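One structure below.
We count ligands from 1, going down the list as the structure has it; atoms in each ligand are counted the same way. These numbers were taken from a predicted model, which means no experiment stands behind them.
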Amino acid sequence: MTSFQSTLGDEPGIAEELAKGQREISIAEFFEKNKHMLGFDSGARGLVTAVKEAVDNALDATEEAGIQPDIYVEIAEAGDYYRLVIEDNGPGITKEQVPKVFGKLLYGSRFHAREQSRGQQGIGISAAVLYSQLTSGKPAKVTSRTQGSEDAEYFELVINTDQNEPEIRTEKTTSWDRPHGTRIELEMEANMRARQQLHDYILHTAVVNPHARIELREPGLDEPMKFERATDQLPKQTKEIRPHPHGVELGTLLKMLAATESYSVSGFLQEEFTRVGAKTSDKIHDAFRDRHFGREMTWRTPDATEADELVAVVEDAVANKGKEATAAFADELVDIVVGKDRIAHGELVTIVENVAETVGEETDTSFGETVRENVVEALWPVLTDDREGDVYAIVDDVTTTQKDDAGKVSMARSIATQFAETTGPADRATRDDVAEFVAWAAERTKEREDETYGETAQENVADAIWSRMRTVSDEVPKVREIADDRDVARDLLDAMRQTDILAPPTDCLSPISADLVEAGLKKEFDADFYAAATRDAEVHGGDPFIVEAGIAYGGELRSEGKIDLLRFANRVPLVYQQGACTITHVVKDIGWRNYGLDQPGGSGMPNGPAVLMVHVASTNVPFTSESKDALADVPAIQDEVELAIREAARELKSYLSKRRSLQKRRKKQDVLGRILPQMATKLSEVTGRPEPNIDGALGRIMNNLTVERAVEDGEVTLTVKNYSNTNESPDITDIVSAEPAGLDGEATVVDLDGEWFVKWNPEVSSGETATLTYSVAQDASFDINVDGVETEKLTVNV
Ligand SMILES: Nc1ncnc2c1ncn2[C@@H]1O[C@H](COP(=O)(O)OP(=O)(O)OP(=O)(O)O)[C@@H](O)[C@H]1O
């Protein structure tokens with residue numbers, strides 16, 4: 001309770017008293033107090049966040065300029081503080097921009113751009129400056145040299161938090177040995193307790209940015225950590241896209257309507273949005289008309305037998321025209337009307353106009369506006385005199401046979417009455433109106449007939465009526481009018497959302513690609529197996545996104561404990577708040593036992609020697625907070641993350657099951673290799689005969705591919721027998737110490753310093769045998785090498 005509350009009501013002027021304490025808060029002041037929101041909650045974390053913001057900017061800037069990034073990060077102890085230096089070889093920042101970029105929060109080039117970039121908000125680096133000045137009291141030191149300029153500009157600056165404006169302490173021109181780029185130096189209260197997170201960030205950045213070279217120096221490291229480039233290929237340049245009609249909110253639409261130079265809605269839609277051409281614009285117009293003006297109900301037309309009656313009505317309504325002309329007009333009009341199945345008011349108006357024109361010309365008579373209006377006014381009641389019967393047929397059509405006829409009649413009567421009494425002369429209603437008519441009719445029917453039309457039955461009736469109603473051709477209001485009326489703007493927004501529109505283009509995105517995901521993992525993790533998957537683009541809230549996943553397994557990866565999960569958004573590693581991230585949620589929900597990984601209890605993070613990486617690239621990554629640590633649980637993104645992981649995991653599964661079967665085979669082979677000679681000896685002892693030759697037995701029993709060499713009088717025969725159930729094509733190299741001769745065409749010979757390499761690559765189908773013969777000098781020695789067949793499936797007897 002505030003001190004004012006106890007006296008509230010007794011004293012005058014309390015509001016004035018309170019007003020004295022109220023003042024504007026600058027964004028810089030706000031974040032000064034709430035630095036945790038930006039990832040600066042402690043000295044340890046602050047250091048990691050500052051490095052991350054500067055390195056992300058360096059990567060964004062170099063890529064935008066088409067430069068291969070060369071980034072230098074240095075952390076050093078400086079008295080009571082830590083000094084952080086980050087240098088890049090980017091395009092540099094102009095002299096005019098430096099103070100704002102580093103000395104003003106919410107200033108940046110990416111906030112309004114629909115294009116994939118690491119930076120989004122224009123807060124990152126100025127927040128690091130703010131944290132530094134807050135904890136050390138020292139200004140940020142920035143050097144920047146733009147491409148092509150002789151000198152560099154040097155600034156020392158702080159942020160004036162009251163005004164959220166830069167305050168320049170020093171500004172001078174200086175020389176710098178880098179031809180272009182930016183260097184920022186910050187001093188801050190910090191510690192190295194988050195060393196692991198820092199290393200993870202740098203290492204993981206190197207994994208997903210194989211085109212970058214990064215060097216890190218820090219206290220306690222004798223040698224700098226260097227991450228070399230694995231590819232010269234820069235990520236694909238992205239293109240900025242306009243917003244997608246499915247992605248804007250009402251406030252944004254109103255702003256866009258107010259700012260556009262287009263006069264018509266059609267021009268506005270096609271100019272300001274992506275994927276809207278003339279056809280889509282027309283569809284949106286119609287959807288807008290349906291919402292804004294409502295549709296007109298069409299009614300069954302009378303059949304030809306009633307034509308005379310209609311003609312009489314028309315003739316009656318046309319006064320003071322010649323008899324023949326009137327008859328021609330009435331006949332022509334009625335002919336068209338009865339020739340149609342159903343008719344709406346607007347349609348009748350158009351038909352009357354057309355007939356008035358044509359018959360008017362033919363008979364040299366003028367059927368003016370008043371006549372036309374009179375005709376419509378006279379004819380429409382006749383055409384709609386059985387609304388109830390018409391609606392009954394519709395209700396009957398979509399209602400289950402169990403419903404009573406009396407109920408249907410009651411529904412039809414009530415709905416028809418609503419049309420007759422509430423929709424004006426043109427029988428116009430919106431979809432919501434129709435739903436209301438039906439709901440009201442259902443209520444009345446329940447009362448009158450004790451027949452229930454539930455939600456689904458009502459929905460079916462309303463849908464059936466709506467589908468018989470016709471979009472009107474009234475002119476859509478102009479942009480200015482819509483901009484001034486939020487209800488009309490809402491109709492336009494709903495129409496945009498409801499219209500099927502092609503997904504946004506994806507050239508605004510730059511996924512890493514499955515090949516480079518694998519290359520990145522190979523570069524930094526020594527494993528036995530790698531797999532990667534890149535999904536096609538999808539859309540959430542109008543922003544396109546692409547999900548990629550990669551898995552490394554076995555080898556030198558840590559085998560005890562949980563797998564390592566690497567999360568990335570727009571190529572930036574997310575090192576904090578793993579538990580709050582949607583990627584983690586998805587990983588934990590997957591049944592990893594199906595893919596061959598250990599998962600205690602069947603859910604949660606799996607165990608094993610594996611690294612799983614997931615990358616989400618989007619023009620608008622939905623983070624859970626400004627510190628950009630975790631992705632929010634957006635269902636469309638969750639689905640794609642799951643599909644990408646499962647795609648890569650399926651490859652892991654087949655690798656693991658193959659590996660397991662090979663392991664089994666090896667075990668069996670080991671046992672047989674030990675037992676077979678013992679059995680041969682035993683057999684010989686029992687039978688008193690010489691030991692049987694068991695050379696080929698192991699291969700036969702194991703269903704292996706066997707390779708044998710027999711040499712007799714300098715004639716060499718290599719025999720390959722395939723006991724397995726798959727076709728094989730082994731690469732066989734027989735290395736001979738004397739020159740071989742008499743080889744047939746299948747093999748090649750290479751002479752290497754007195755050794756001859758006989759190379760042979762036979763195709764051996766399952767159950768088949770292949771042989772190669774050649775001759776050599778009698779005293780030749782041999783050595784054989786067989787590739788292309790797993791060792792577990794191979795028996796070499798030479
Ligand atoms: N090293 C750099 N080289 C060139 N331009 C830079 C560099 N660092 C920052 N900029 C420019 O300064 C702007 C502001 O950077 P800042 O880190 O504050 O925000 P951001 O990267 O746009 O977004 P976020 O707050 O999400 O990180 C960037 O948008 C970019 O235009």
May I have the N/O to N/O pairs between ligand 1 and the protein that fall below 3.5 Å, each with atom names and distance to one decimal?
unit_1	atom_1	unit_2	atom_2	d
ligand 1	1 (N)	Asp88	OD2	2.8
ligand 1	8 (N)	Asn57	ND2	3.4
ligand 1	17 (O)	Asn57	OD1	3.2
ligand 1	17 (O)	Asn57	ND2	2.7
ligand 1	17 (O)	Ile125	N	3.0
ligand 1	18 (O)	Gly124	N	3.4
ligand 1	18 (O)	Ile125	N	3.3
ligand 1	19 (O)	Gly122	N	3.3
ligand 1	21 (O)	Asn57	OD1	2.8
ligand 1	23 (O)	Gln120	N	3.1
ligand 1	23 (O)	Gln121	N	3.1
ligand 1	23 (O)	Gly122	N	2.9
ligand 1	25 (O)	Gly122	N	3.1
ligand 1	25 (O)	Ile123	N	2.7
ligand 1	25 (O)	Gly124	N	2.7
ligand 1	26 (O)	Gln120	N	2.6
ligand 1	26 (O)	Gln121	N	2.8
ligand 1	26 (O)	Lys628	NZ	2.6
ligand 1	27 (O)	Glu53	OE1	3.2
ligand 1	29 (O)	Ser109	N	2.9
ligand 1	29 (O)	Ser109	OG	3.0
ligand 1	31 (O)	Ser109	OG	2.5

### Task
Please determine, by modelled atom types, if Asp629 and Ser627 share a side-chain donor-acceptor pair under 3.5 angstrom.
yes
Please tabulate, for the side chains in residues 574-582, all donor-acceptor contacts under 3.5 angstrom to protein atoms that are two or more places apart in sequence or on a different chain.
unit_1	atom_1	unit_2	atom_2	d
Thr582	OG1	Asp633	OD1	2.6
Thr582	OG1	Gln638	NE2	3.1

### Query
Under the ring-ring contact (aromatic ring centres under 6.0 Å, His included) test, which residues partner Phe568, sequence neighbours left out?
none
### Task
Scan residues 538-551 for pairs that pass side-chain hydrogen bond (donor to acceptor under 3.5 Å, both in side chains), counting only residues two or more places apart or in two chains.
Arg114-Asp543, Thr534-Glu548, Asp543-Thr619, Asp543-Asn620, Glu548-His615
### Query
Would Thr260 and Glu272 count as having a side-chain donor-acceptor pair, cut-off 3.5 Å?
yes
### Task
Compare all side-chain heavy atoms of Trp592 with those of Ile645 and state whether any distance is below 4.5 angstrom.
yes
